[in-house]
Number of protein chains: 2
Amino acid sequence: MSERAASGGAYIVKPVYKALNVLRCVGEHGGRLTLTEVSRLTGLHKTTAYRYLHTLAECGFVAHDPRTDTYGLGMRVWELGRLVSGDMRVREVALPVMRELRDEFNETVNLGILDGKEIVYVEMLESGHALSMRARVGGRDPAYSTSLGKAILAFLPEEEQRYHLPSRLSPRTGRTHTSLKALRDDLSATRRRGFALDNGENEEDARCIGAPVFDQSGSVVAAISVSAPASRLPDELQPRVAAAVMKAAETISERLGYPELRDNAPGDRRYSSGR
Amino acid sequence: MSERAASGGAYIVKPVYKALNVLRCVGEHGGRLTLTEVSRLTGLHKTTAYRYLHTLAECGFVAHDPRTDTYGLGMRVWELGRLVSGDMRVREVALPVMRELRDEFNETVNLGILDGKEIVYVEMLESGHALSMRARVGGRDPAYSTSLGKAILAFLPEEEQRYHLPSRLSPRTGRTHTSLKALRDDLSATRRRGFALDNGENEEDARCIGAPVFDQSGSVVAAISVSAPASRLPDELQPRVAAAVMKAAETISERLGYPELRDNAPGDRRYSSGR
DNA sequence: TCCTTCGTACCACGACACGAAACAATACTT
DNA sequence: AAGTATTGTTTCGTGTCGTGGTACGAAGGA
């Protein structure tokens, strides 16, 4: 079996890396995992999984139910998770603005944060329509194939941007960018016009329009987007939605302390290069 | 010499154990921790801390801010934390009942869960009074010195109970039980009367009255309590408060599917909850 | 009854985690 | 400006300890 070089990077302590995988595995399967299931899912030797689970349990990161001999996430994870929530000022600040935006078009509004090469959905307001998107709060998608991700990437300093770009663009739909060149062109276009477009690049038949959110230091920290089935977001509507999304994003940025821009010219958006 | 006690007993993988300590350390200090700070706080060698942080970062459990060269909790922690929240049905179910209880006496109402030898405050409704308790949501206290903890411990099967009792009872105040014998007596008393008392055992001058919450399988999963300064909870008032706390706890238990004891008629257990 | 599959326990071996020391790149002092 | 102290990063040899095989008792299923 050809093991992936995943755990082979530099300065990676393998026991830690693999144990964290166990933790994530337990979380993703909603608890109720038995030892052998964990062993199978992670590909670890049964004995090794056993020791990891014991260690994780000792620290409170997983909880062992002695009745069913199953493992689930522990309270310490919840505890730490709350601490992260407390740090996410964007979320509270953005919520009321997102609500307005949702009501304006009655379409799903998303708030996303860049984490590594993926964006994480941090908040999401559903549209009234029955047809809803697949994404969920806490879920992830590649940054390069979503309007949220592209909105953030486009306004990142080049050096940082490179860090968040994958070496290989695996196409998620027929419309996903497959070359770094095409993606870079897309990014500079979004930077020019101030918002990002996703025409079914991440999910078939789904259209998204996203705009970046800046904090007081002038760097992108998040993005918001309106997403809907292509049928409900025809080309004629896009300018109006894009303007609204950008407006909302600017409002959030200002409330985060981002210095207001006097000029409202829509192509003149620049991030401060100095820090 | 004291290594066995320090970094755990058998089946503990030390790199994992220590890395988890790093993670908790980063969380407790609200992020913004530098490498050497982590090294100092955890007592780990600088190189080791460096490798752990790298590994944790690779897995998304900590985030490295390259600007300030500091580490904070990563998005993956938030992600997993949400999953735990989703599992905590008690919390949603208990909230409205807790609200009623808070309004009845205008005192702080707590919801706690047992985790290891400690209880974790999962929800908390403050009283209107200016004088509030020290405890916070997400915080911890020893189980044996709080009414929440004792309410849960008392209704645990003996074998499980022993697992959650510390070998050494370190006194937190002058009133804390110092002997296992005294604690056991207290526990059987609480089991008899159905609620637990804490007269300044955990925090000087703080009184708490707690009652256990059961789930559909009939086992304790949590406890609620009313807590207040001793001056506002005089002996005369205790019976009334205790009755109300027990009533509220029973209501929550029933809504969690706990079969009411009085009538055994199947399918006939949906009255007397006032709704 | 046998047979499977579970969690737990033990052990010998060699991978790899570890700490010392030195590196480069900043901050702080003089 | 030169010196000094502290930072994060890198390399490397040593010996610890994490690892996978293996085995045992218990608990179901056939």
Side-chain angles (χ1 to χ4, degrees), chain A residues 1 3-23 25-26 29 31-59 62-72 159-160 163 274-275, chain B residues 1-23 25-26 29 31-59 61-72 159-160 163:
Chain A
M1 305 215 298
E3 279 295 326
R4 215 180 283 176
S7 63
Y11 299 107
I12 297 294
V13 181
K14 271 179 248 182
V16 175
Y17 184 88
K18 288 184 285 185
L20 291 176
N21 266 339
V22 168
L23 181 58
C25 173
V26 169
H29 289 78
R32 316 274 151 137
L33 273 188
T34 178
L35 167 62
T36 28
E37 281 171 333
V38 171
S39 162
R40 264 199 277 273
L41 286 168
T42 57
L44 292 171
H45 197 277
K46 196 172 55 166
T47 311
T48 308
Y50 179 66
R51 281 186 286 242
Y52 287 168
L53 286 170
H54 255 240
T55 310
L56 288 164
E58 176 74 24
C59 296
V62 306
H64 175 70
D65 184 352
R67 264 203 309 268
T68 59
D69 251 317
T70 53
Y71 295 87
E159 148 208 27
E160 266 189 67
Y163 175 75
R275 48 180 48 123
Chain B
M1 292 300 124
S2 61
E3 285 178 17
R4 260 166 75 191
S7 101
Y11 300 107
I12 297 294
V13 181
K14 270 176 253 181
V16 175
Y17 183 88
K18 287 183 284 185
L20 291 176
N21 265 340
V22 168
L23 182 58
C25 173
V26 170
H29 290 78
R32 317 273 153 136
L33 272 189
T34 178
L35 167 62
T36 29
E37 281 171 334
V38 172
S39 162
R40 264 198 277 272
L41 286 168
T42 58
L44 292 171
H45 196 275
K46 195 173 54 166
T47 312
T48 309
Y50 180 67
R51 281 187 285 243
Y52 286 169
L53 286 170
H54 255 241
T55 310
L56 288 164
E58 176 74 24
C59 297
F61 284 81
V62 306
H64 176 71
D65 183 352
R67 264 204 307 267
T68 58
D69 251 315
T70 53
Y71 295 87
E159 150 208 25
E160 266 189 68
Y163 175 74

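Hydrogens, waters and symmetry mates play no part in the numbers below; they use all other heavy atoms, side chains included. Chain identifiers are assigned alphabetically (A, B, ...) following the order of the sequence lines, protein sequences preceding nucleic acid strands; residue numbering begins at 1 within each chain.
Rounding to whole angstrom units, OH of residue A:Tyr17 and P of C:dA17 are separated by 13 Å. Taking atom CD1 on B:Ile12 and atom P on D:dG18, their separation rounds to 10 Å, with Å as the unit. Computed from coordinates, the A:Arg51 CZ to C:dC10 C1' distance equals 10 Å when rounded to whole Å. At whole-Å resolution of the value, NZ in A:Lys14 and P in C:dG14 are 16 Å apart. Atoms NE2 (B:His45) and C1' (D:dT10) sit 13 Å apart, rounded to a whole Å. Atom CG of A:Leu53 and atom P of D:dT19 are 13 Å apart (whole Å).
Listed nucleotides C:dG7, C:dC11, D:dT10 differ in distance to A:Thr36; the shortest reach to its side chain belongs to C:dG7. Comparing atom distances between the B:Val13 side chain and each of C:dC18, C:dA9, D:dG18 picks out D:dG18 as nearest. In the set D:dT7, D:dT22, C:dC6, the nucleotide with an atom closest to the side chain of A:Thr47 is D:dT22.
Residue A:Lys46 has no polar side-chain atom (N or O) positioned under 4.0 Å from OP1 or OP2 of C:dG7. When the side-chain nitrogen and oxygen atoms of B:Lys18 are compared with OP1 and OP2 of C:dC18, one or more of them lie within a distance under 4.0 Å. Remark: A:Arg40 is not in phosphate contact with C:dT5, judged by side-chain N or O atoms under 4.0 Å from OP1 or OP2. Contact annotation: B:Tyr11 reaches the phosphate of C:dA9 (side-chain N/O to OP1 or OP2, under 4.0 Å). One finds no side-chain N or O of A:Tyr50 lying less than 4.0 angstrom from the OP1 or OP2 phosphate oxygen of C:dG7. OP1 or OP2 of D:dT19 sits under 4.0 Å from a side-chain N or O of A:Tyr52.
The closest side-chain heavy-atom distance from B:Asp69 to B:His64 is below 4.5 Å.
Just one of A:Val22, A:Thr55, A:Leu23 meets the side chain to side chain contact (heavy atoms under 4.5 Å, CB included) condition when paired with B:Val16; it is A:Thr55.
A donor-acceptor pair is defined here as one N or O able to donate and one able to accept, closer than 3.5 Å; no such pair exists between the side chain of B:Thr70 and the backbone of B:Leu33. Panel note: side chain B:His54, backbone B:Tyr50; no donor-acceptor pair is recorded below 3.5 Å.
Each of B:Glu37 and A:Leu44 has a nearest nucleotide on DNA chain D; the 5'-most of these lies closest to B:Glu37. Between A:Thr34 and A:Pro15, the residue anchored nearer the 5' end of DNA chain C, judged by the nucleotide with its closest heavy atom, is A:Thr34.
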Item to check | A:Leu56 vs A:Val26, side chain to side chain contact (heavy atoms under 4.5 Å, CB included): CA-CA, chis, key distance, verdict | outcome: CA-CA 11 Å; A:Leu56 288 164; A:Val26 169; over 6 Å; no
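Nucleic acid contact class of A:Thr48 (heavy atoms, under 4.0 Å, all strands): sugar-phosphate only.
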